[in-house]
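Reminder, nothing fancy here: chain letters follow the sequence lines and each chain counts from 1. Note that the structure is a prediction, hence the values are computed from the model and not measured.
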Protein chains: 2
Amino acid sequence: MEERSSQSEKSGSSRVGDAIGAITRHIREQELMPGDRLPSESRLSKDLKVSRTVVREAFRSLAAMRIIELNVGKRATISNIDHGAMSLIIEHGVHTEQINVQQIYDVRRTIETRIVTLAAIRRSDEEAKVILKLAQAMADSATDPAQLMEHDLAFHTALARASRNPVFELIVGAFQGITRQTWPIGWKSRTTAEARSTMIETHQRIASAVVAGDPQQAAEAMSKHFDESVHALLQAGLS
Amino acid sequence: MEERSSQSEKSGSSRVGDAIGAITRHIREQELMPGDRLPSESRLSKDLKVSRTVVREAFRSLAAMRIIELNVGKRATISNIDHGAMSLIIEHGVHTEQINVQQIYDVRRTIETRIVTLAAIRRSDEEAKVILKLAQAMADSATDPAQLMEHDLAFHTALARASRNPVFELIVGAFQGITRQTWPIGWKSRTTAEARSTMIETHQRIASAVVAGDPQQAAEAMSKHFDESVHALLQAGLS
DNA sequence: ATTCAAAACCTGTCATACAAGTTTAGGGAA
DNA sequence: TTCCCTAAACTTGTATGACAGGTTTTGAAT
């Protein structure tokens, strides 16, 4: 009954690390799907021959990565994929100066250019409607930065979803946290009314192209959007 | 001395969630950098007026995301960004059938085409040497799949590093876990000697282009690499 | 078969204890 | 003084027990 594999952290043996491995293995072997319940803490504690403390810390670790979900009174359940953890990881990277905002924008441009290309091809009519509505909502809240930002984020998320690739959606979501913190800087650096309305119009051009099912034009408009954004951030002296 | 913000999980109040928030805030306010030490568990336990259990679970959560690092006897320290958590998240998505392998390859193609473009422009001579050496190592281990795979992974990682954008490196790393599980499938589906040597030659073409500083050709070769890989996986009936 | 309340179960948090690893402080040697 | 080493002080990892709320299951009465 040895527990040799560690797979998790350093190399050494750690009860919690082993527990994480065992629980992960259990999920795979039982082919648990989102919503399915895991054994209780005491059950696992007995099976793995460790204290409940260890099982709880293992659960917390998995919950932090949004692999499982914890609720009081209920057993832990398998989660749907979620960008929450990735968002925090990216934010940490930026705050510790291991990543700068320009680098994030380069990745976003790369990803999102591909996203609109796919979205233009694959979007459903329903998705098209949502995308168009969000672009309009941006135009309507031109004087309310906080609201404008939320519509902007929702717009990019809607595009990612329309790409029909959950990994793109995950990555776009991962940048939301840090974007929320830097977006106002880019907005403030657009001092003229022209620059501001150009930004909104660009979003409308993207929306139109996706709705029209024109991948080329959608990609081009998205690229232009990022040119503007990067320019605005540089203007503001960001990184 | 209220602790109102929760920022972490659901919406409700959770001692652990609040602790995660408080610790994260502490890191930002004190502008802690990788390697810097956090207060001890008992210290935080006193400051936040919660039990050590709660602090420990909060620490575990942050450690799971590789935001901090835990070591016995030592205080927790701020981590360098690391793809470990993202790797597990992606693996979870695939195992629960929320993501399929083709979708991952589409994202990888998008990302890695951009990566080689940047690498061709920015690679240092040192990085060029490593990339070339890894491509050669792949050719040399053509008969040893396990080793070939490791060289392959190292090759893509080296390219990502040469792009000089840590976010690209992070994302490429995030796919390593699941790639390690699917790579053998792609390899086995290349049944002819031709298909196998073509795969290795393509990597050498990529390396040459990056070393030569030719972004166009590098991107083209990488694109071809993914055409082949996706073809091989489809052949194997993967998703 | 249905309903409902009690019993059984489950998670969140706290307190305490102790082994084992690390850091620090202080004293002694050079 | 400076350097080195050891003992004390501190820290983390794990276990155990307790109890307040939640949630699910059971079983009896309708």
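In this structure, B/R108 is positioned above the aromatic face of B/Y105, its NZ or CZ under 6.0 Å from the six-membered ring centre and within 45° of the axis.
Atom CD1 of A/I68 and atom C1' of C/dC10 are 14 Å apart (whole Å). Atom P of nucleotide D/dT12 and atom CD of B/E69 are separated by 14 Å, given to the nearest angstrom. In this entry the distance linking CZ of B/R43 with C1' of D/dT11 reads 14 Å, nearest Å.
Here B/H156 and B/H151 keep their ring centres 6.0 angstrom or further from each other.
We find that B/K129 and B/D125 are not joined by a salt bridge, their nearest charged nitrogen and carboxylate oxygen being 4.0 Å or further apart. Using a 4.0 Å cut-off between a side-chain N of Lys or Arg and a carboxylate O of Asp or Glu, A/R25 and A/E29 do not qualify as a salt bridge.
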Check: protein-nucleotides 11-15 of chain C nitrogen or oxygen pairs below 3.5 Å:
{"residue": "C/dT11", "atom": "OP1", "partner": "A/E41", "partner atom": "N", "Å": "3.4"}
{"residue": "C/dT11", "atom": "OP2", "partner": "A/E41", "partner atom": "N", "Å": "3.2"}
{"residue": "C/dT11", "atom": "O4'", "partner": "A/G73", "partner atom": "N", "Å": "3.2"}
{"residue": "C/dG12", "atom": "OP2", "partner": "A/R56", "partner atom": "NH1", "Å": "2.6"}
{"residue": "C/dG12", "atom": "OP2", "partner": "A/R56", "partner atom": "NH2", "Å": "3.1"}
{"residue": "C/dG12", "atom": "O6", "partner": "A/R52", "partner atom": "NH2", "Å": "2.9"}
{"residue": "C/dT13", "atom": "OP1", "partner": "B/R15", "partner atom": "N", "Å": "2.8"}
{"residue": "C/dT13", "atom": "O3'", "partner": "B/R15", "partner atom": "NE", "Å": "3.4"}
{"residue": "C/dT13", "atom": "O4", "partner": "A/R52", "partner atom": "NH2", "Å": "3.3"}
{"residue": "C/dC14", "atom": "OP1", "partner": "B/R15", "partner atom": "NE", "Å": "3.2"}
{"residue": "C/dC14", "atom": "OP2", "partner": "B/S51", "partner atom": "N", "Å": "2.7"}
{"residue": "C/dC14", "atom": "OP2", "partner": "B/S51", "partner atom": "OG", "Å": "2.5"}

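At a threshold of 4.5 Å between non-hydrogen side-chain atoms, the residues A/K188 and A/P184 count as touching.
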